[in-house]
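Every number for a ligand or one of its atoms is a count from 1 in the order of the listing. FYI, the numbering just counts along the sequence from 1. Only this structure's heavy atoms are used, side chains among them; waters, hydrogens and symmetry mates stay out.
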Amino acid sequence: MTSHYDEIINKTIDYVKETLKNAESGHDWWHIYRVLKTSRRIATEEKADLFVVELAALLHDIADPKFNDGDELIAPLVIIEFLTSQGVHRTVINHVVEIVNNMSFKNSFDKKKFDSIELRVVQDADRLDALGAIGIARAFIYSGYKGNPIYDPAISPNQKQSKEEYKKGSSTTINHFYEKLFLLKDMMNTQTGKKLAEERHNFMEQFLEQFHKEWRGE
Ligand code: ADP
Ligand code: NI
């Protein structure tokens, strides 16, 4: 028997799949699927509210400002409209909107405006998807989409980027590792998130070591 809760989650899955069907492949349904799986795992260990966590994981990239001319007001409107149509309680809707508004990397440059264990869980899961083997794949697909080069030894990474500089994007894919990906390990919120990040971080270090070796023709 499916509960009312499962029914809403299943409807949300259908809605997200449909909405993201033409999304760039680093931010498509499979990104959401992975964030949902990782969020569930962390939520159980952190004793977070699973319903809020699942809805936020599912809806966190539903109208990413990056793909909407920088407009940060579309996502809350879309989320409120969809969840209201599913009869979700106002308190839950507000919580999901707060999570989505506050979880992105670019907003980590600003002072934290909202905090909850559910936000911490979904933010960790989203960050983990930027690390490890999947993280490497996503960095290259995003760079390809932007037309950035793989690497250019003449351009050094800028590790102390401002929010505006970050939004302009990394110059090369390899620089993106130094400008963002290697910083994520120390930004994790939960114990479970930290443990998983460590493993994925080490894997990326190995990848870069091999990359530079091959670059030198060794
Ligand atoms: P958020 O949505 O949390 O602000 P991003 O959208 O910046 O995070 O990152 C989403 C994915 O795209 C990540 O896997 C990230 O590594 C990748 N990405 C973002 N910017 C770049 C870039 N300039 N070069 C390569 N990959 C990037
Ligand atoms: Ni995401």
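Not one N/O/S atom of H27, from backbone or side chain, sits under 2.8 Å from the Ni ion (ligand 2).
Heavy-atom proximity to K180, at under 4.0 Å, picks out these atoms of ligand 1: 5 (P), 7 (O), 8 (O), 9 (O), 15 (C). Ligand-side atoms of ligand 1 in range of L181: 16 (O), range being under 4.0 angstrom from any heavy atom. Counting atoms of ligand 1 from 1 in the listed order, those under 4.0 Å from a heavy atom of S143 are 24 (N), 25 (C).
Classified by interplanar angle (parallel below 30°, tilted 30° to 60°, perpendicular above 60°), the ring pair Y145/Y142 is tilted. Ring-plane geometry between F207 and F140 is classed as perpendicular, the angle between the planes exceeding 60 degrees on a 0 to 90 degree scale with a lower cut at 30.
With sequence neighbours left out, the ring pair (Phe, Tyr, Trp, His ring centres under 6.0 Å) criterion links H212 to Y151. F182 is linked by a ring pair (Phe, Tyr, Trp, His ring centres under 6.0 Å) to Y178, H201, counting only residues two or more places apart in sequence or in another chain.
Checked by atom type, the side-chain pair N148/T172 shows no donor-acceptor distance below 3.5 Å.
The N/O atoms of R138, backbone and side chain alike, include one that comes under 3.5 Å of an N/O atom in ligand 1. Here's the thing with T173: none of its N/O atoms is less than 3.5 angstrom from an N/O atom of ligand 1.
Geometry about the Ni ion (ligand 2) gives an angle of 170° between OD1 of D126 and OD2 of D61, rounded in steps of 10 degrees.
The only member of V122, L36, D49, L83 that meets side-chain contact (heavy atoms from CB on, under 4.5 Å) when paired with L55 is L83.
Residue H27 places a heavy atom less than 4.0 Å from ligand 1.
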